[in-house]
Amino acid sequence: LPTRALYTNHWAVQVIGGPPEADRLAAAHGYINLGQIGNLENYYHFYHSKTFKRSTFTSRGIHNFLRMDPKVKWLQQQEVKRRVKR
Amino acid sequence: HTRNEPHSLYFNDPIWSNMWYMHCGDKSSRCRTEMNVPAAWKRGYTGKNVVVTILDDGIEKNHPDLAPNYDPYASYDVNGNDYDPSPRYDASNENKHGTRCAGEVAASANNSYCIVGIAYNAKIGGIRMLDGDVTDVVEAKSLGIRPDYIDIYSASWGPDDDGRTVDGPGRLAKQAFEYGIQKGRGGLGSIFVWASGNGGREGDYCSCDGYTNSVYTISVSSTTENGYKPWYLEECASTLATTYSSGAFYERKIVTTDLRQRCTDGHTGTSVSAPMVAGIIALALEANSQLTWRDVQHLLVKTSRPAHLKTNDWKINGAGRKVSHLYGFGLVDAEGIVVEAKKWKAVPSQHTCIGTSDKRPRIIPIEQTVRTTTLTNACADHYDQHVVYLEHVVVRLSMSHPRRGDLQIHLISPSGTKSQLLARRSLDISNEGFTNWEFMTVHCWGEKAEGEWTLEIHDMPSQARNPEKQGKLKEWSLILYGTAEHPYNTFSSHQSRSRMLEISTSELEPSKIALFHSQMEAPEDEDDYTAPSIQGSSNILQTSPCHPECGDKGCDGPNASQCLNCIHFSLGGVKTVRKCVNVCPPGYFGDATARRCRRCHRGCETCTGRSQNQCLSCRRGFYHHQDTHSCVNMCPAGFYSNESQKYCLKCHPSCKKCVGDPEKCTVCKDGFSLAGVRCIPDCEPGTYFNSALIECGKCHSTCHTCVGPSREECIHCAKNFHFHDWKCVPACSEGFYPEEMPGLPHKVCRRCEENCLSCEGSSKNCVKCKEGYTQLGGSCITNHTCSNADEMFCEMVKSNKLCERKLFIQFCCRTCLLTG
């Protein structure tokens, strides 16, 4: 059987408006902003402690309204990728 | 091949002698070809000032063999989100992998502990990122740790090697790669080294691994001690080079640092090879810290070689390089790479030429091969995208298929190099197909990009399948990466031709290496030779390298214009500065005998000689005449100018002039006539052009000229025939008379006046009326109606001789009749 996707309670969010805007969005929708993702400008790592840590379904709940915020250009719930040591 | 020094090196590290891959020069050794790491050390290169990090499950930073070179600034714990990359310890020692890899790169030398790292003076760090949920965010963060400080990222992991996965970096990880390449190392580009897959036994193919398949990563494979294919090795066209590793149950594995401050002789798989290449690249970066990320790949292509690696898929590509789907360009050569790196000139900027996407859907019938080609000029019309010499080639492809593992895909370059982009994977039963998957090959490296590329897709079911369910190629496009000029001169890796500039100096720099360890820190100048002294300076010389294009007579300075003779060609004349060049610029050709660039004929861009008829391509505004091989502003008669290709192409044989297409004639040759836009032959009188048979056919005998064989197809009548009712007749029928028609070579039968049977010369000159009519002058009047409208008027008509007029005849019939 094809491996099923495994979703986490972490998100990658592309925000227009820099760190202050990212903090505002995180607070407004119940996330914790863990900061910019490496050197990728406008991309931030959001974490939501009140949703499933792991699930085979994408997350549901009011925190998904984040997607509709005009300041959010792109958003992706993080999937666990199967990686093997060689 | 590089010379092997007779006496090998000695280190007090206890496992040094078990590092069999460092002693292949010894007679007792089974690995017959060296990776030449010790030889590079002897030249003074040990990785000083180079920073390497291992992306893995952590690094035991206090391991005695790692601590001396451990670098906290090159380390981070992405899983734990802190600065301590130490692995998580458990009973199974599950997280030993990163520490083992780190030891291969930079285990300390002569510290009487474990082994010697390949770059044993490099800085080594570790990024803990595999010991937790690996997500796109985790990968992007890991690939983006301090790109301005870390030089080399080594990764010995990847998507599952289960023979049925197609996976690669997500959106964020891709952006992290791009950021590292563009901004890393102060703009020189981070070096990403990736271990190829380990799914050989599952029939996996590494083109389904988006990390090894990326142009940004150096994908490394492995060979066993005896040069055989390891049981785990995957094949694909994106593998660049190879190192020794484990791979056969009777052959030795790799020794390195292990968890809990131990040492192991059980490190295996392609995990071994990435850190080995990372270490070797560290030596090269010490030799030349200004190497860009592409310079490093060029150096690996140039210095790796097949040696004795056993496989039957070695082939020579269009640039004369041996390459294989198992080993890429072959076994790495540490000495070769540091020697080349030392004098390396940065390759020209990378050009990317994205071909137009072919969206024509193609069904792929079972058991058959679908071939689709694309003809490309490699973006010749955009100077900043034009690719002449290839580096990577990518095919971006989308297709559906009921069972993905049954597919086999090949790409054939204009030079005929065949890269296998995908092989059958019997375990891959997925029906997801491919969506914009990017297959990459390095096998065309160095070839010319322009020409016809062919994509072959073959559906070979490994078991019975519903025949109605077929694969479908939806879309594919070709992406060419490379340079507009030759990246470097074409000498082989070990034939160093640097010619030295001779400058007087007070003393010769101490370059002798006395005792290896203490004096090895100062890099030794490589095998150069010096030109004769100039202007009476003392014999003591300080030398600087001549321009690589200088010939064997040396030079007066470092520039190409200061050579005393040239290896390839000299450019310029008495009035202009003469300089040595590798290839002659546009508008010139290389005179091999005189080793000079000579000017082509006016209008030629490339040519084989001076004369007008030796042009191969033309400058802007000229057209290339295919027959005479000359460049003309206007295509001569009988040719038309093909605007896209800038050629003069032949019109149809019957055309004197044509426009835009050989069949669109505007002027016909003699003996032909224009019919629309076509020239049809002028057939002899009495014949016509039969377009079906494309020949002249005979007209009907009554025709002088015609458009067909029948009587009704005359254009002009034959002699003594008149044209009547679409036919040529010997005489006009009754009621008609033959009339001369200007411009016609024959008469035309015209109708006589009403009620006239026969008339001559004119329809009004009736000579014989129908029955019941009386000829009155040239007219025919019915007998019973011949009366006068008014006697007095008719007397006036008679006296004024007006009876010739038809009008008065009708009013005064009897009077005019009687007056004759």
Side-chain angles (χ1 to χ4, degrees), chain A residues 1-16 18-19 22-23 25-26 29 31-59 63 66-67 72-86, chain B residues 56-57 78 81 94-98 101 129-130 132-148 155-162 164-165 167 169-173 175-176 179-180 183-184 194-199 222 232 268-274 429-432:
Chain A
L1 287 175
T3 46
R4 295 187 62 169
L6 198 55
Y7 295 96
T8 67
N9 53 356
H10 291 259
W11 276 261
V13 189
Q14 186 177 10
V15 174
I16 303 161
D23 292 336
L25 282 167
H29 294 274
Y31 293 87
I32 299 168
N33 174 16
L34 297 182
Q36 179 171 302
I37 299 172
N39 311 291
L40 309 184
E41 271 181 41
N42 303 323
Y43 285 90
Y44 296 87
H45 179 187
F46 279 18
Y47 162 71
H48 199 293
S49 57
K50 304 279 189 310
T51 62
F52 292 114
K53 181 174 169 55
R54 285 224 183 130
S55 167
T56 52
F57 298 100
T58 54
S59 181
H63 57 279
L66 172 67
R67 181 183 309 276
V72 173
K73 197 175 169 189
W74 170 84
L75 166 143
Q76 182 185 59
Q77 184 177 5
Q78 292 299 285
E79 283 179 48
V80 176
K81 289 172 175 272
R82 193 170 147 64
R83 294 292 178 256
V84 298
K85 301 171 192 173
R86 289 175 172 165
Chain B
D56 212 290
D57 54 17
V78 176
N81 209 20
E94 175 192 354
N95 295 304
K96 56 181 181 285
H97 198 250
C101 290
M129 45 86 58
L130 289 182
D133 287 347
V134 178
T135 62
D136 195 15
V137 165
V138 164
E139 288 184 7
K141 282 187 174 180
S142 308
L143 293 164
I145 303 287
R146 287 207 176 90
D148 263 336
S156 295
W157 52 266
D160 210 337
D161 296 326
D162 55 6
R164 54 191 176 92
T165 299
D167 190 10
R171 169 181 171 139
L172 301 174
Q175 290 193 45
Y179 184 91
K183 304 242 171 67
W194 221 273
S196 185
N198 268 352
S222 310
Y232 51 77
T268 62
T270 50
S271 288
V272 163
S273 296
I429 57 168
S430 158
N431 59 6
E432 290 168 1

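- With hydrogens and angles ignored, the 3.5 Å screen pairs a side-chain donor or acceptor of B:Asn198 with a backbone N or O of A:Arg86.
- When heavy atoms are compared at a cutoff of 4.5 Å, B:Ser196 approaches chain A solely by way of its backbone atoms N, CA, C and O.
- From B:Arg171, atom CZ reaches atom CD of A:Gln14 across 5.0 Å, with rounding to the nearest 0.5 Å.
- Judged purely by atom type and a 3.5 angstrom limit, A:Asn39 uses its side chain to pair as donor or acceptor with the backbone of B:Gly144.
- Heavy-atom pairs under 4.5 Å with chain A were tallied for B:Ala274, B:Gly98, B:Gly269, B:Ser156; the largest tally goes to B:Ser156.
- Using a 4.5 Å cut-off between heavy atoms, B:Asn431 makes no contact with chain A at all.
- Taking CG from B:Asp136 and NE2 from A:His45, the interatomic distance works out to 11.0 Å, rounded to the nearest 0.5 Å.
- Interface remark: B:Ser430 contributes no atoms to any contact with chain A (heavy atom separation under 4.5 Å).
- For B:Asp167, the part sitting under 4.5 Å from any heavy atom of chain A is the side chain, from C-beta outward, and nothing else.
- When heavy atoms are compared at a cutoff of 4.5 Å, B:Asp162 does not approach chain A at all.
- Among B:Val137, B:Thr135, B:Val138, the one residue that satisfies the side chain to side chain contact (heavy atoms under 4.5 Å, CB included) test with A:Thr8 is B:Thr135.
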request  = Could you go through the side-chain contact (heavy atoms from CB on, under 4.5 Å) check for A:Lys85 and B:Lys96 one step at a time?
outcome  = CA-CA 11 Å; A:Lys85 301 171 192 173; B:Lys96 56 181 181 285; over 6 Å; no
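- The two residues B:Ala140 and A:Leu40 come nearest to each other via the heavy atoms CB-CD1, 4.2 Å.
- Using a 4.5 Å heavy-atom threshold, the side chains of B:Gln175 and A:Tyr43 count as touching.
- The part of B:Leu130 that comes within reach of chain A is its side chain, from C-beta onward, which places non-hydrogen atoms under 4.5 angstrom from that chain.
- With contacts defined as side-chain heavy-atom distances shorter than 4.5 Å, the pair B:Pro159/A:Arg83 qualifies.
- Proximity to chain A (any heavy atom under 4.5 Å) is restricted, for B:Thr268, to the backbone atoms N, CA, C and O.
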